[in-house]
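Note that the numbering runs from 1 along the sequence shown for the chain. Small disclaimer: the values here were computed from a predicted structure and weren't measured.
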Amino acid sequence: MNRIYFLHLIAATTLVAASVGRAEESQATPAKPAATATDKTARDAMQAAHDARLAWIDFPGFTADIRVQTDGVAHSGSILVTDDFDYELSISDDAIQPWVNSKLRSVIGHRRPGSAATEVKLAESGASADFGLFVARLDGSGTFRIQDGLIREVHRKNDSHWFEITNVEFFDAGNGKVLPETSSVTYRDPKTGDIMKNAVNRFTWISVGDFLLPEGCLTIETSADGGRQTRQLQFTKHKLSQNAPPQP
């Protein structure tokens, strides 16, 4: 075989192999699509709504007396909320129904500082711009309607749960921050979409030192079969833990 021809043959074979290798690598690890203007719009909207909620910065924790009432049955005790947003209840075991811990985790845990979810996109919707933006998390964990810089609705659906939260009113906490005030939560059958129950919530807040702490949480829940339950948490005699630093 001619030496020059042989060298050209080796070079061509090498180029073909390199091309195949690059093709296989491209198929194995597809390039991440570039961010679009709509991606940025969704992220900015979610970040603004996240920043509008009041968080407890440099939170020292607090103690309070607490009254737990389910329909006409009430129990009194005390609560210690720690600086890591955990809590300890000192109250009769009869008072600790499932809704109690769920409500306390919501009221206390949502005041924890943290970053907004950035992996979001604009969701398809026929709503007008005046109705706000629908922003969906890329992991499928929820869709949010954001209007005037606030989260007005939250929609979550999976194989086992389907619920929709509507934030009707917000409490003005000052400095451009808000707290929940009135909300409605609709629970649906994840298979049929039929409404199973609805809960209306009312939250009140009290200024203690430099913090706005929970004063009351009232929930009226109505089920599709006509059942009805009234639930209430009331906090009194709040006292911040020692060495509480002032909020900026």
Steps toward side chain to side chain donor-acceptor pair (under 3.5 Å) verdict (Asn201, Thr182): CA-CA 6 Å; Asn201 303 289; Thr182 306; over 6 Å; no
Taking every non-hydrogen atom, the tightest pair across [X] and [Y]:
X: Pro214; Y: Ile206; value: O-CG2, 4.3 Å
X: Pro60; Y: Phe211; value: CD-CZ, 3.5 Å
X: Leu212; Y: Trp205; value: O-CE3, 4.1 Å
X: Ala74; Y: Arg67; value: CB-NH2, 3.4 Å
X: Thr143; Y: Ala136; value: OG1-CB, 3.8 Å
X: Asp172; Y: Gly174; value: OD1-N, 2.9 Å

Please answer whether the main-chain N or O of [Y] pairs with a side-chain N or O of [X] as donor and acceptor at a distance below 3.5 Å.
X: Asn175; Y: Lys177; value: no
X: Asn158; Y: Ser160; value: yes
X: Asn198; Y: Val185; value: yes

[X] versus [Y]: any side-chain heavy-atom pair under 4.5 Å?
X: Val178; Y: Leu54; value: no
X: Thr186; Y: Ile195; value: yes
X: Trp162; Y: Tyr187; value: no
X: Cys217; Y: Val107; value: yes
X: Asp71; Y: Gln229; value: yes
X: Arg145; Y: Phe131; value: yes
X: Leu218; Y: Thr230; value: yes
X: Met46; Y: Phe144; value: yes

Is it possible for you to say whether [X] and [Y] belong to one hydrophobic cluster, with membership spreading through side-chain heavy-atom contacts below 4.5 Å?
X: Leu138; Y: Val135; result: no
X: Phe85; Y: Leu240; result: yes
X: Trp99; Y: Ile220; result: no
X: Ile151; Y: Phe163; result: yes
X: Ile79; Y: Ile96; result: yes

Salt bridge Arg156-Glu164, side-chain N to carboxylate O under 4.0 Å: no
Aromatic ring pairing Phe59/Phe62, orientation class (parallel under 30°, perpendicular over 60°, tilted between): perpendicular
Test salt bridge (Lys or Arg N to Asp or Glu O under 4.0 Å) applied to Glu221 and Arg231, step by step: CA-CA 8 Å; Glu221 183 177 282; Arg231 309 191 288 254; 3.1 Å; yes
Identified side chain to side chain contact (heavy atoms under 4.5 Å, CB included) counterpart of Ile108 within the set Asp86, Val81, Thr82: Val81
Heavy atoms from other residues, nucleotides or ligands near CG of Asp84 exceed 12 (cutoff 6.0 Å): yes
Under 3.5 Å side-chain donor-acceptor pair for [X] and [Y]:
X: Ser76; Y: Asp65; result: no
X: Asn167; Y: Ser183; result: no
X: Lys103; Y: Thr219; result: yes

Gap separating the [atom1] atom of [X] from the [atom2] atom of [Y], nearest 0.5 angstrom:
X: His75; Y: Leu89; atom1: NE2; atom2: CG; answer: 12.5 Å
X: Phe235; Y: Thr204; atom1: CZ; atom2: OG1; answer: 9.5 Å
X: Arg202; Y: Glu169; atom1: CZ; atom2: CD; answer: 5.5 Å
X: Glu153; Y: Ser184; atom1: CD; atom2: OG; answer: 10.0 Å
X: Asp44; Y: Ile146; atom1: CG; atom2: CD1; answer: 10.5 Å
X: Lys239; Y: Ser78; atom1: NZ; atom2: OG; answer: 13.0 Å

Worked check of side chain to side chain donor-acceptor pair (under 3.5 Å) between Thr38 and Lys121: CA-CA 7 Å; Thr38 55; Lys121 65 178 181 180; over 6 Å; no
Verdict with supporting geometry, Thr166 and Val154, side chain to side chain contact (heavy atoms under 4.5 Å, CB included): CA-CA 7 Å; Thr166 301; Val154 180; over 6 Å; no
Side chain to side chain contact (heavy atoms under 4.5 Å, CB included) between Phe203 and Glu215, intermediate numbers included: CA-CA 8 Å; Phe203 303 92; Glu215 182 182 46; over 6 Å; no
